[in-house]
Amino acid sequence: MARKSFLAGLGSGMLKKLYVEDALKMPEGSEVELLGWIRNKRIHGGLIFLDLRDRSGIIQVAVKRGVVPDGEFEQAESALRESAVRVSGTVRHDPRAPNGVEIRCRRLEVIGPSLDDFPIRKGVKVKFVLDNRHLHIRSPRVAAIMKIRARLLSAARNWLESRGFIEVNCPSFITAAVEGGATLFEIDYFGRKAYLTQSSQFYQEAAIYSLEKVYSLQPSFRAELSRTRRHLTEFWHLEAEMAYAELEDILKVIEELLYAMVLGVYESSQRELELLKLKIDPDAAKPPYPRISYAEALEILDRKGIKVRWGDDFGADEERELSKEFEKPFFVTYWPREAKAFYHMPDRENPDVCRNADLLAPGGFGEIVGGGQRIHDYDQLLERIRENGLNPEDYKWYLDLRKYGSVPHSGFGLGVERVLWWLLKLPHIRDACLFPRTPARVYP
RNA sequence: GCCGGCGUAGCUCAGUCUGGUGGAGCGCCGGGCUGUUAACCCGGGGGUCGGUGGUUCGAAUCCACCCGCCGGCGCCA
């Protein structure tokens, strides 16, 4: 990398060379220059303590009158929280400093002053934090979650690529529902009705006839007025589809992938997990995962005194109770036809159930992945579309896929924020997003 | 969509039951302070009490409607 960056014209080398976490590890007496933000400040007359934050951590900077030029001392005195500063000085190992290390400042420059008192501080309420999310994301906790999120996705991509899946990018504007009509965001597409996609599944099913094993990672949109800690209106959807694959094949992909994601976070993010006061046990996500059928799930619930009518989906209570029975994520397989979407493949022996599965996380977190085998026969798919009261015209191109060399295939969709929510035991799924979108919130 | 809660200073809240000139802590501003850890001490400014209408001599407070957000359910990843 060229040291003379495009920023060089702005001044004496703005390019950042050192992060706080590195400075914390440097030997006594090292000369350093740090660029960051003032997280907090304590003034004692001729001595000021700054807590300097950057993306990697926080370090105390001691600014003494007489040691730094007077003008710079006064700048430090008047700088409000979250002012951006450049400081240079000497690393001192001092037990009086937090973490035992501080910078004795010799030069200080306010690069970007805070024009107002920074509104985010400890003790603010949920509404205020969410209204000021654009400022709140500066907190070390949010930064840690976002770093982990990036590594989780990176691990997922690496694993899928290593298994021969090819990434595809699918449209977000669509004309027909994948799941059902009620949950689509309708938009005006130059006078025509269009919708925001709720899944890329159908496009991936098309793509397997070209690329055989594909995946995509992009947002899906659900116009559900769901006020719960596990719903977003916009969420990142990791979906994959494989040609020549039946139910059990895709279940193996799901469990291996999830394990790779958990392992990826475990191996890359100990610092962040520590900051979040979390311990991850990768063995608790190690395949194989238990597989219970929908029918078996009903029996378990029945033994616990919870009656579910055959054909009904599980509610929040049922999922929670069921997930208490398992230490690892577990599959609930072979759902009744009437509980699931039309494209799921009915089972050969028992056509009342589908060859599909939901993956539920233990500890009451509920569904994080849904998937299964798709109908690949033209007539069977047409029949199921009609049975569901849908118009085959709306699914013309999707049906077309069954007319030219159709093969058994399976796929799944994984909710990225759901996985993070479960893995990091977050209080709310919105904590897994930089700027969450919920029914009541599209700002900031 | 349904059930519940909340809305008073920049923030966190008290005051509402029982109507009578709006308060505290923190932040901010001014002063002091050379080892703090959410520093501390002294002083100061700061409000359409979510909105509209009503009752009343008088409404943050009582009534009606509306708006916004939070928690849960249903639905889903």
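Chain letters run A, B, ... following the sequence lines, proteins first, then strands; residues in each count from 1.
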Without decimals, in angstroms, what is the distance between [X] [atom1] and [N] [atom2]?
| X | N | atom1 | atom2 | value |
| --- | --- | --- | --- | --- |
| A/Phe314 | B/C75 | CZ | P | 12 Å |
| A/Leu135 | B/C11 | CG | P | 13 Å |
| A/Phe221 | B/C76 | CZ | P | 20 Å |
| A/Lys41 | B/G35 | NZ | C1' | 17 Å |
| A/Leu257 | B/A77 | CG | P | 17 Å |
| A/Arg222 | B/C76 | CZ | C1' | 6 Å |
| A/Glu102 | B/G35 | CD | C1' | 8 Å |
| A/Leu115 | B/G10 | CG | P | 18 Å |

Classify the nucleic acid contact of [X] as base, sugar-phosphate or nothing, counting any heavy atom under 4.0 Å across all strands shown.
| X | result |
| --- | --- |
| A/Leu232 | base |
| A/Lys64 | base |
| A/Glu417 | nothing |
| A/Arg104 | base |
| A/Asp51 | nothing |
| A/Ser220 | nothing |
| A/Gly315 | sugar-phosphate |

With 3.5 Å as the limit, what N/O pairs link the protein to nucleotides 2-6 of chain B?
none

[options]: which one has an atom nearest the side-chain heavy atoms of [X]?
| X | options | result |
| --- | --- | --- |
| A/Arg229 | B/G72, B/A77, B/C73 | B/G72 |
| A/Lys127 | B/G74, B/U12, B/C69 | B/C69 |
| A/Phe49 | B/C69, B/G35, B/C73 | B/G35 |
| A/Glu224 | B/C73, B/G35, B/C75 | B/C75 |

Under a 3.5 Å cut-off for both contacts, is [N] paired Watson-Crick or G-U wobble with anything, and if yes, with which nucleotide?
| N | value |
| --- | --- |
| B/G43 | B/C29 |
| B/U48 | none |
| B/A59 | none |
| B/G4 | B/C70 |
| B/G19 | none |

For [N] and [X] - does any side-chain N or O of the residue sit under 4.0 Å from the phosphate oxygens OP1/OP2?
| X | N | value |
| --- | --- | --- |
| A/Arg230 | B/C75 | no |
| A/Asn40 | B/U36 | no |
| A/Arg42 | B/A39 | yes |

What's touching nucleotides 26-33 of chain B from the protein side, N or O pairs under 3.5 Å?
residue	atom	partner	partner atom	Å
B/G27	O2'	A/Asp117	OD1	3.0
B/G27	O2'	A/Asp117	OD2	2.7
B/G27	O2'	A/Arg121	NH2	2.9
B/C33	N3	A/Gly45	N	3.0

(request) From the options A/Glu102, A/Glu31, A/Glu28, select the one residue that forms a salt bridge (Lys or Arg N to Asp or Glu O under 4.0 Å) with A/Arg92. (result)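 In the set A/Glu102, A/Glu31, A/Glu28, the residue that makes a salt bridge (Lys or Arg N to Asp or Glu O under 4.0 Å) with A/Arg92 is A/Glu28.
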
(request) Would you name the heavy atoms of A/Phe330 and A/Tyr289 that are closest together and state the gap between them? (result)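 Heavy atoms only, the tightest pair is CA-CB, 4.3 Å.
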
(message) I need the minimum non-hydrogen distance between A/Ser410 and A/Ala245, along with the two atoms involved.
(response)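 Closest approach of A/Ser410 to A/Ala245: OG-O, 2.7 Å.
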
(message) Using the rule side-chain contact (heavy atoms from CB on, under 4.5 Å), only one of A/Ile174, A/Leu196, A/Thr197 pairs with A/Leu184; which is it?
(response)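 Option passing the side-chain contact (heavy atoms from CB on, under 4.5 Å) with A/Leu184: A/Ile174.
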
(message) Taking side-chain contact (heavy atoms from CB on, under 4.5 Å) as the criterion, tell me which of A/Asp431, A/Leu426, A/Ile368, A/Ile429 meets it with A/Glu417.
(response)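 For A/Glu417, the side-chain contact (heavy atoms from CB on, under 4.5 Å) test succeeds with only one of A/Asp431, A/Leu426, A/Ile368, A/Ile429, which is A/Ile429.
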
(message) On RNA chain B, compare the nucleotides closest to A/Ala339 and A/Pro439; which residue's is nearer the 5' end?
(response)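 The 5'-side residue here is A/Pro439.
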
(message) Go nucleotide by nucleotide along RNA chain B from the 5' end; which of A/Glu234 and A/Pro427 gets its closest nucleotide reached first?
(response)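 Its nucleotide being nearer the 5' end, the pick is A/Pro427.
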
For the ring pair [X] and [Y], is the centre-to-centre distance below 6.0 Å?
| X | Y | answer |
| --- | --- | --- |
| A/Phe235 | A/Trp421 | no |
| A/Tyr215 | A/Trp159 | no |
| A/His136 | A/Phe128 | no |
| A/Phe202 | A/Tyr398 | yes |
| A/Phe173 | A/Tyr189 | yes |

(request) Evaluate the side-chain proximity of A/Leu251 to A/Thr333: yes if any heavy-atom separation is below 4.5 Å, no if none is. (result)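 Answer yes - side chains close enough.
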
(request) Flag the pair A/Leu211 / A/Val214 as yes when at least one side-chain heavy-atom distance between them is below 4.5 Å, and no otherwise. (result)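 Contact flag for A/Leu211/A/Val214 side chains = yes.
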
(request) Report the relative orientation of the aromatic rings in A/His376 and A/His409; use parallel for angles under 30°, tilted for 30 to 60°, perpendicular for over 60°. (result)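 Geometry flag for A/His409 against A/His376: perpendicular rings.
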
Same-atom distance ([atom1]) from [N] to [M], integer angstrom:
| N | M | atom1 | result |
| --- | --- | --- | --- |
| B/G74 | B/C62 | C1' | 36 Å |
| B/G45 | B/G7 | P | 28 Å |
| B/C63 | B/C2 | C1' | 26 Å |
| B/G46 | B/A9 | C1' | 6 Å |
| B/G35 | B/C40 | C1' | 13 Å |
| B/U18 | B/A60 | C1' | 15 Å |
| B/C42 | B/A64 | P | 46 Å |
| B/C11 | B/U55 | P | 34 Å |

Mind listing the N/O atom pairs, protein and nucleotides 41-47 of chain B, below 3.5 Å?
none

(message) For A/Glu161, I'd like to know if atom CD has over 12 heavy atoms of other residues, nucleotides or ligands within 6.0 Å.
(response)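 Enclosed: over 12 neighbouring heavy atoms sit under 6.0 Å from CD of A/Glu161.
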
(message) Centroid distance below 5.5 Å plus an interplanar angle below 30 degrees: do A/Phe235 and B/A77 meet both conditions?
(response)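 Stack criterion met.
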
(request) Could you tell me whether A/Arg55 sits above the aromatic face of A/Tyr19, with NZ or CZ closer than 6.0 angstrom to the six-membered ring centre and within 45 degrees of the axis? (result)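 Yes, A/Arg55 and A/Tyr19 form such a contact.
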
(message) Check whether A/Tyr259 forms a cation-pi arrangement with A/Lys328 (NZ or CZ under 6.0 Å from the six-membered ring centre, at most 45° off the ring normal).
(response)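 Negative - A/Lys328 is either too far from the ring of A/Tyr259 or too far off its axis.
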
(message) Any N or O donor-acceptor pair under 3.5 Å from the base of B/C75 to the side chain of A/Thr183?
(response)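 Checked by distance alone, the answer is no.
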
